[in-house]
> 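One structure is given below, represented as structure tokens, and several questions about it will come after.
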Amino acid sequence: MTITDQLSDLLAGAARSLGLTPPAVHLSPPKNPAFGDYSTNLPLILARQAKKNPLDLARDLVDQLDPLPDTVAPPEITPPGFINFRLQPTYYYQVLQEILDHPDQYGRTHRGAGQTANVEFVSANPTGPLTVGHGRQAVLGDVVASILEWHGYEVTREYYYNDAGRQMRLLAASVEARYRELLGETTEFPEDGYQGEYIRDIARSVLATYGNALPREAPEFRREAETTIFQDIRATLEQLGVRHQIFSNEQTYYERGDIDRILSELKARDLIYEKDGATWLKTTRFGKEQDTVLIKQTGEPTYRLPDMAYHRDKFQRGFDVIVDIFGADHIATYPDVLAVLEALGMDTGRVRVLIHQFVTLVRGGEAVKMSTRKANFVTLRELVDRLGKDVVRYFFIMRGMNSHLNFDLDLAEDQSEKNPVFYLQYAHARIANILEHARAFGLEWTRRYDPKRLTTSEEFHLLKELDHIPRTWEAALDSLEPQVIAQSLQSLATAFHKFYTECRVVTDDQELSRARLALVTAVKSVLRNGLELLGIAAPDRM
RNA sequence: GCCCUUGUAGUUCAAUGGAUAGAACAAAUCCCUCCUAAGGAUUAGAUGUAGGUUCGAUUCCUACCAAGGGUACCA
């Protein structure tokens with residue numbers, strides 16, 4: 001039980017003993033250190049209910065707070081009605097000891113212990129290389145998965161793609177057109193075809209492998225395209241440090257009959273009907289303005305139907321948590337899928353849908369519309385090649401998924417040297433260097449140290465940052481917003497760099513040195529854990 | 001038209017309804033006989049507009065303006 005939980009309980013108890021019914025008591029570290037270490041607005045919230053002035057109520061509440069843990073100083077009351085708690089040094093020394101005792105447990109909640117989670121992300125159809133835009137989702141999904149793992153979930157990272165629809169046919173037709181061009185035949189390039197240079201490369205490879213006599217619409221065109229492009233996608237993800245355990249595709253659900261099964265169940269529940277030669281889903285039942293086409297006039301389902309089959313499959317595989325990560329273009333479609341699953345009797349409360357906004361690519365001061373078909377994209381591979389995995393990952397993860405990110409290609413390379421990720425890594429490397437330096441002086445951090453030798457404001461600032469880590473990393477589990485982890489590491493690194501300039505670790509005073517070695521050792525493990533969560537290297541040397 | 005997301009410093013982004021709105025880059029000025037200056041210190045600089053709710057609003061509500069996405073037989 002954390003100190004804030006204890007204080008919350010005490011405050012709630014105090015409120016009840018005054019005859020009040022308190023809401024969830026909220027304690028948070030105030031921005032201004034003059035207001036103590038943790039602060040609550042409970043008197044302000046309860047003033048109306050108590051029919052009292054908040055300051056008077058605060059005094060009454062404080063009078064009822066008994067007994068406080070001995071690591072907490074007597075609380076202070078400040079206008080307009082906050083109660084501020086200050087923690088004793090012994091509390092922070094305990095935090096330090098806790099980290100040193102269990103460096104890999106600090107900040108874990110085990111809330112997911114014994115549970116499984118599935119995170120579906122990237123899921124780009126194999127029609128072209130991954131773009132910078134996909135990079136955001138790749139990193140977001142990977143770190144969300146890591147956060148779940150950190151808190152005890154057994155996580156499956158999954159990639160789902162459509163391999164049965166119009167896009168893949170168009171891809172095959174584009175390859176075939178380039179193939180026939182190579183043979184000198186006059187062909188028409190398909191309207192809306194894929195225009196990228198990589199299509200010509202695939203056509204050349206088809207020619208080299210299968211010769212010049214492939215019949216019209218030979219399956220080789222598609223197969224070769226899919227295989228080649230998928231290899232490229234997987235290699236790019238690998239470069240970014242993203243690994244999916246499972247690749248699922250739409251075709252499977254046709255073959256297994258799941259699509260037909262969904263259809264007949266929807267029919268049995270009177271949720272579909274025929275009109276104009278198409279099959280419609282009654283999405284108006286779910287509060288939409290219009291019904292939705294499930295099967296086109298051509299007899300081919302839209303992607304929604306296999307999506308439904310795929311999601312039901314994920315339910316049937318028994319995951320406790322199912323996370324779907326989509327770009328903003330899917331915002332209108334996932335409610336249909338969820339509504340259908342609900343209608344078919346599944347508990348959609350297990351599903352967490354995370355929508356991220358798109359990355360706007362800026363070149364020469366102007367926004368570039370990216371399109372795989374028109375081949376005016378910048379590939380993710382190019383980006384990772386040029387900037388490196390850590391810079392690219394950090395760039396995408398340091399911002400909230402709802403921000404409409406601007407990515408300026410002209411600045412990317414300049415900025416990459418100034419990427420804040422180096423600030424974090426440098427803190428880690430500096431500590432590694434201190435430890436090495438200490439060893440050279442015959443000073444090894446052992447379990448023996450006297451925490452009371454830590455007294456300066458820089459040391460306490462660091463200890464307080466360490467103290468904040470668990471609540472921040474737990475908040476990341478609730479919100480599945482990775483940027484709060486990045487922010488917590490930034491604050492920790494800032495506190496460390498400040499400490500570094502003000503406090504020398506390796507000194508003639510062996511006892512002081514040992515205490516500071518203990519402190520930086522703790523900081524180092526938290527930084528390492530945090531960087532690992534983000535999938536970023538924690539180097540010992542830079 | 002309607003729906004979703006977003007408008008914060010010159011720029012790119014932060015800020016569970018809290019107290020003095022943070023950081024980075026860009027600009028200006030300092031600090032390496034000292035464990036790595038990829039660092040530290042200092043200066044200047046912002047909540048789109050108009051209302052509302054609240055003890056308190058960047059945060060919640062309404063309208064307007066602007067950007068991105070969606071608006072159903074592309075995914």
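First the proteins, then the strands, lettered A, B, ... as listed; each starts at 1.
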> Taking the same atom, P, in B:G52 and in B:C13, what whole-Å distance lies between them?
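My reading of the P atoms in B:G52 and B:C13 gives 32 Å.
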> Please tell me which of the listed nucleotides, B:C35, B:G18, B:A72, lies nearest to the side chain of A:Gln290?
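For the A:Gln290 side chain, the nearest candidate turns out to be B:A72.
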> Could you tell me how far B:U47 sits from B:U29 if I compare only their C1' atoms? Round to whole Å.
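Per the computed distance, 29 Å lies between those C1' atoms.
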> If you find the nucleotide of RNA chain B closest to A:Cys503 and the one closest to A:Pro301, which residue's nucleotide is nearer the 5' end?
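Result of the comparison: A:Cys503.
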> Taking atom C1' in both B:A24 and B:A14, compute the distance separating them and give it to the nearest angstrom.
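After rounding to an integer number of Å, I get 10 Å for this pair.
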> Establish, from distance only, whether the side-chain atoms of A:Tyr394 and A:Asn419 form a donor-acceptor pair under 3.5 Å.
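Short answer, no.
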> Report which part of the nucleic acid A:Arg48 touches: base, sugar-phosphate, or nothing (heavy-atom distance under 4.0 Å, all strands).
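It contacts sugar-phosphate atoms only.
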> May I ask you to say what A:Asn162 touches in the nucleic acid, namely base, sugar-phosphate or nothing, with a heavy-atom cut-off under 4.0 Å?
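Sugar-phosphate only.
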> Would you kindly give the CD1-to-P distance between A:Ile397 and B:A24, to the nearest whole Å?
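For the pair A:Ile397 CD1 and B:A24 P, the rounded distance is 21 Å.
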> Give A:Phe441 one of three labels, base, sugar-phosphate or nothing, depending on what nucleic acid heavy atoms sit under 4.0 Å from its own.
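It contacts nothing in the nucleic acid.
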> What does A:Ala438 touch in the nucleic acid at a heavy-atom separation under 4.0 angstrom: a base, only the sugar-phosphate, or nothing?
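No contact at all - A:Ala438 keeps every heavy atom at 4.0 Å or more from the nucleic acid.
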> Under 4.0 Å, counting only non-hydrogen atoms across every strand here, what does A:Gln297 touch: a base, just sugar-phosphate, or nothing?
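Result for A:Gln297 = base.
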> Categorize A:Gly165 for me: base, sugar-phosphate, or nothing, with a 4.0 angstrom heavy-atom threshold over every strand shown.
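Touches nothing.
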> Please confirm whether the shortest side-chain N or O distance from A:Ser28 to OP1 or OP2 of B:G18 is below 4.0 Å.
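Indeed not, no polar side-chain atom of A:Ser28 lies that close.
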> Which heavy atom of A:Asn249 sits nearest a heavy atom of A:Tyr160, and at what distance?
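It is C-CE1, 3.9 Å.
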> Give a yes/no answer on whether the side chain of A:Tyr161 brings an N or O atom under 4.0 Å of OP1 or OP2 in B:A75.
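No, because none of the side-chain N or O atoms of A:Tyr161 sits under 4.0 Å from OP1 or OP2 of B:A75.
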> Would you name the heavy atoms of A:Tyr254 and A:Ala164 that are closest together and state the gap between them?
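Closest approach of A:Tyr254 to A:Ala164: CE1-CB, 4.0 Å.
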> When the C1' atoms of B:U6 and B:U12 are compared, how many Å lie between them, rounded to an integer?
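Approximately 15 Å lies between the C1' atom of B:U12 and that of B:U6.
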> For A:Arg430, answer base if it contacts any base atom (sugar-phosphate contacts may also be present), sugar-phosphate if it contacts only those atoms, and nothing otherwise; contact means non-hydrogen atoms under 4.0 Å.
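Sugar-phosphate contact only.
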> Indicate, with a heavy-atom threshold strictly under 4.0 Å, whether A:His497 touches base, sugar-phosphate, or nothing.
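Contact class for A:His497: sugar-phosphate only.
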> Please report, rounded to the nearest Å, how far the P atom of B:U6 is from the CD1 atom of A:Ile355.
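To the nearest whole Å, that distance equals 12 Å.
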> Between A:Thr501 (side chain only) and A:His497 (backbone N and O only), is there a donor and an acceptor less than 3.5 Å apart?
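Here the side-chain-to-backbone pair exists.
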> Taking atom P of B:C35 as reference, at what distance in whole Å does atom CG of A:Leu512 sit?
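So the CG-P distance, A:Leu512 to B:C35, works out to 17 Å.
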> Which one, B:C35, B:A72, B:A15, comes nearest to the side chain of A:Gln487?
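Shortest atom-to-atom distance from the side chain points to B:A15.
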> Does the side chain of A:Thr78 come under 3.5 Å of the side chain of A:Asn84 through a donor N or O and an acceptor N or O?
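Per modelled atom types, A:Thr78 and A:Asn84 side chains form a pair under 3.5 Å.
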> Choosing from B:G18, B:A37, B:U5, which nucleotide comes nearest the side chain of A:Phe82?
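Within the option list, the nearest is B:G18.
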> With a 4.0 Å cut-off on heavy atoms, is A:Pro80 in touch with a base, just the backbone sugar-phosphate, or nothing at all?
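Contact class for A:Pro80: base.
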> Within the structure shown, what part of the strands sits under 4.0 Å from A:Asp329 by heavy-atom distance: base, sugar-phosphate, or nothing?
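Touches a base.
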> Look at the side chain of A:Ser39 and the base of B:A19, then say whether one donor and one acceptor between them are separated by less than 3.5 Å.
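Side chain to base: pair found, below 3.5 Å.
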> Could you tell me if A:Arg504 sits above the aromatic ring of A:Tyr500, with its cationic atom closer than 6.0 Å to the ring centre and no more than 45 degrees from the axis?
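No, A:Arg504 does not sit over the ring of A:Tyr500.
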> Please confirm whether any donor atom in the side chain of A:Asn41 sits under 3.5 Å from an acceptor in the base of B:A19, or the reverse.
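Not at all, since no donor on one side and acceptor on the other fall under 3.5 Å apart.
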> Going by purine N1 to pyrimidine N3 plus the second Watson-Crick contact, or the G-U wobble pair, all under 3.5 Å, which nucleotide sits opposite B:G7?
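The answer is B:C65, by the H-bond criterion.
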> Within the structure shown, what part of the strands sits under 4.0 Å from A:Tyr303 by heavy-atom distance: base, sugar-phosphate, or nothing?
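Since a base atom lies under 4.0 Å of A:Tyr303, the category is base.
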> Starting the side chain at C-beta, find the nucleotide from B:C13, B:C73, B:A72 nearest to A:Asp336.
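Output: B:A72.
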> Could you give the distance separating B:G18 and B:U59 at their P atoms, to the nearest angstrom?
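Looking at atom P only, B:U59 and B:G18 are 11 Å apart.
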> Considering just the side-chain nitrogens and oxygens of A:Asn402, establish if one lies under 4.0 Å of OP1 or OP2 belonging to B:U6.
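Yes, A:Asn402 has a side-chain N/O under 4.0 Å of OP1/OP2 on B:U6.
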> For B:G17, give the paired nucleotide (Watson-Crick: N1-N3 plus N6-O4 or O6-N4; G-U: N1-O2 and O6-N3; both under 3.5 Å), or none.
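No nucleotide pairs with B:G17.
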> Within the 3.5 Å criterion, strictly below it, is a donor on A:Glu158 or A:His244 matched to an acceptor on the partner's side chain?
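No - no donor-acceptor pair under 3.5 Å links their side chains.
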> On a plain distance test, is the side chain of A:Arg304 in donor-acceptor contact with the base of B:A72 below 3.5 Å?
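For A:Arg304, whose side chain was compared with the base of B:A72, there is a donor-acceptor pair (under 3.5 Å).
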> RNA chain B: A:Leu27 or A:Phe422, which has the more 5' nearest nucleotide?
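On the 5' side of the pair lies A:Leu27.
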> Under a 3.5 Å limit for both distances, which nucleotide forms a Watson-Crick or G-U wobble pair with B:A57, could you say?
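B:A57 is paired with nothing.
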> Could you let me know what B:G1 is paired to, Watson-Crick or G-U wobble, both distances under 3.5 Å, or none if it's on its own?
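B:G1 is paired with B:U71.
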> Which whole-number value in Å describes the distance from A:Asp408 CG to B:A26 C1'?
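So the two atoms are 13 Å apart, to the nearest Å.
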> B:U58 and B:G40: how far apart are their C1' atoms, nearest whole angstrom?
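Result for the C1' pair: 30 Å, nearest Å.
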> For A:Thr292, answer base if it contacts any base atom (sugar-phosphate contacts may also be present), sugar-phosphate if it contacts only those atoms, and nothing otherwise; contact means non-hydrogen atoms under 4.0 Å.
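The answer is base, as A:Thr292 lies within the cut-off (heavy atoms under 4.0 Å) of a base atom.
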> Evaluate the side-chain proximity of A:Thr292 to A:Asp336: yes if any heavy-atom separation is below 4.5 Å, no if none is.
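Contact flag for A:Asp336/A:Thr292 side chains = yes.
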> Determine the Euclidean distance between corresponding C1' atoms of B:A23 and B:U8; express it in Å to zero decimal places.
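Here B:U8 and B:A23 have their C1' atoms 13 Å from each other.
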> So, does the side chain of A:Thr501 form a donor-acceptor pair with the base of B:A37 at under 3.5 Å?
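Check fails, no donor-acceptor contact within cut-off.
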> Does the structure show a Watson-Crick or G-U wobble partner for B:A23, both distances under 3.5 Å? Name it, or say none.
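When the pairing criteria are applied, B:U12 turns out to be the nucleotide that pairs with B:A23.
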> What's the CE-P distance between A:Met401 and B:G68, to the nearest Å?
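Distance check: A:Met401 CE to B:G68 P gives 22 Å.
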> OP1 or OP2 of B:G40 sitting under 4.0 Å from any side-chain N/O of A:Tyr423?
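Checking A:Tyr423 against B:G40: at least one side-chain N or O falls below 4.0 Å of OP1 or OP2.
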> Would you say A:Lys369 places a side-chain N or O within less than 4.0 Å of OP1 or OP2 belonging to B:G69?
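It does, given that an N or O in the side chain of A:Lys369 lies less than 4.0 Å from OP1 or OP2 of B:G69.
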> With a cut-off of less than 4.0 Å, is there a side-chain N or O of A:Asn406 near OP1 or OP2 of B:U12?
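True: A:Asn406 side-chain N/O within range (under 4.0 Å) of B:U12 OP1/OP2.
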> So, A:Ser248 versus A:Tyr161: side-chain donor-acceptor pair below 3.5 Å or not?
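There is no such pair (donor and acceptor under 3.5 Å, judged by atom type) between the side chains of A:Ser248 and A:Tyr161.
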> Mind checking the P distance from B:A63 to B:G1? Whole angstroms is fine.
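Their P atoms lie roughly 14 Å apart.
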> What nucleotide, of B:A19, B:G69, B:G70, holds the atom closest to the side chain of A:Phe358?
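Of the options given, the side chain of A:Phe358 lies nearest B:G69.
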> Both distances below 3.5 Å, Watson-Crick or wobble geometry, any strand: find the nucleotide opposite B:U42.
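Across any shown strand, B:U42 pairs with B:A28.
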> Check this for me, if you would: do A:Arg453 and A:Asp509 make a salt bridge, where the nitrogen-to-carboxylate-oxygen distance has to be below 4.0 angstrom?
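Judged by the 4.0 Å cut-off on N to carboxylate O distance, A:Arg453 and A:Asp509 do form a salt bridge.
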> Determine: side-chain N/O of A:Lys418 to OP1/OP2 of B:A26, distance under 4.0 Å, yes or no.
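Checking B:A26 against A:Lys418, a side-chain N or O does come within under 4.0 Å of OP1 or OP2.
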> Counting the atoms with a prime plus P, OP1 and OP2 as sugar-phosphate, which does A:Lys31 contact under 4.0 Å by heavy atoms, base, sugar-phosphate, or nothing?
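Touches sugar-phosphate only.
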> Going by a 90° cut-off around 0, is B:C32 syn or anti?
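Nucleotide B:C32 adopts syn.
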> Would you indicate, yes or no, if B:G40 has its OP1 or OP2 atom less than 4.0 angstrom from a side-chain nitrogen or oxygen of A:Lys498?
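It does not, given that no N or O in the side chain of A:Lys498 lies less than 4.0 Å from OP1 or OP2 of B:G40.
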> Of the listed nucleotides (B:C73, B:C34, B:A19), which one gets closest to any side-chain atom of A:Arg504?
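Within the option list, the nearest is B:C34.
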> A:Leu411 near the nucleic acid: base, sugar-phosphate alone, or nothing, with a heavy-atom cut-off under 4.0 Å?
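Here A:Leu411 touches no strand at all.
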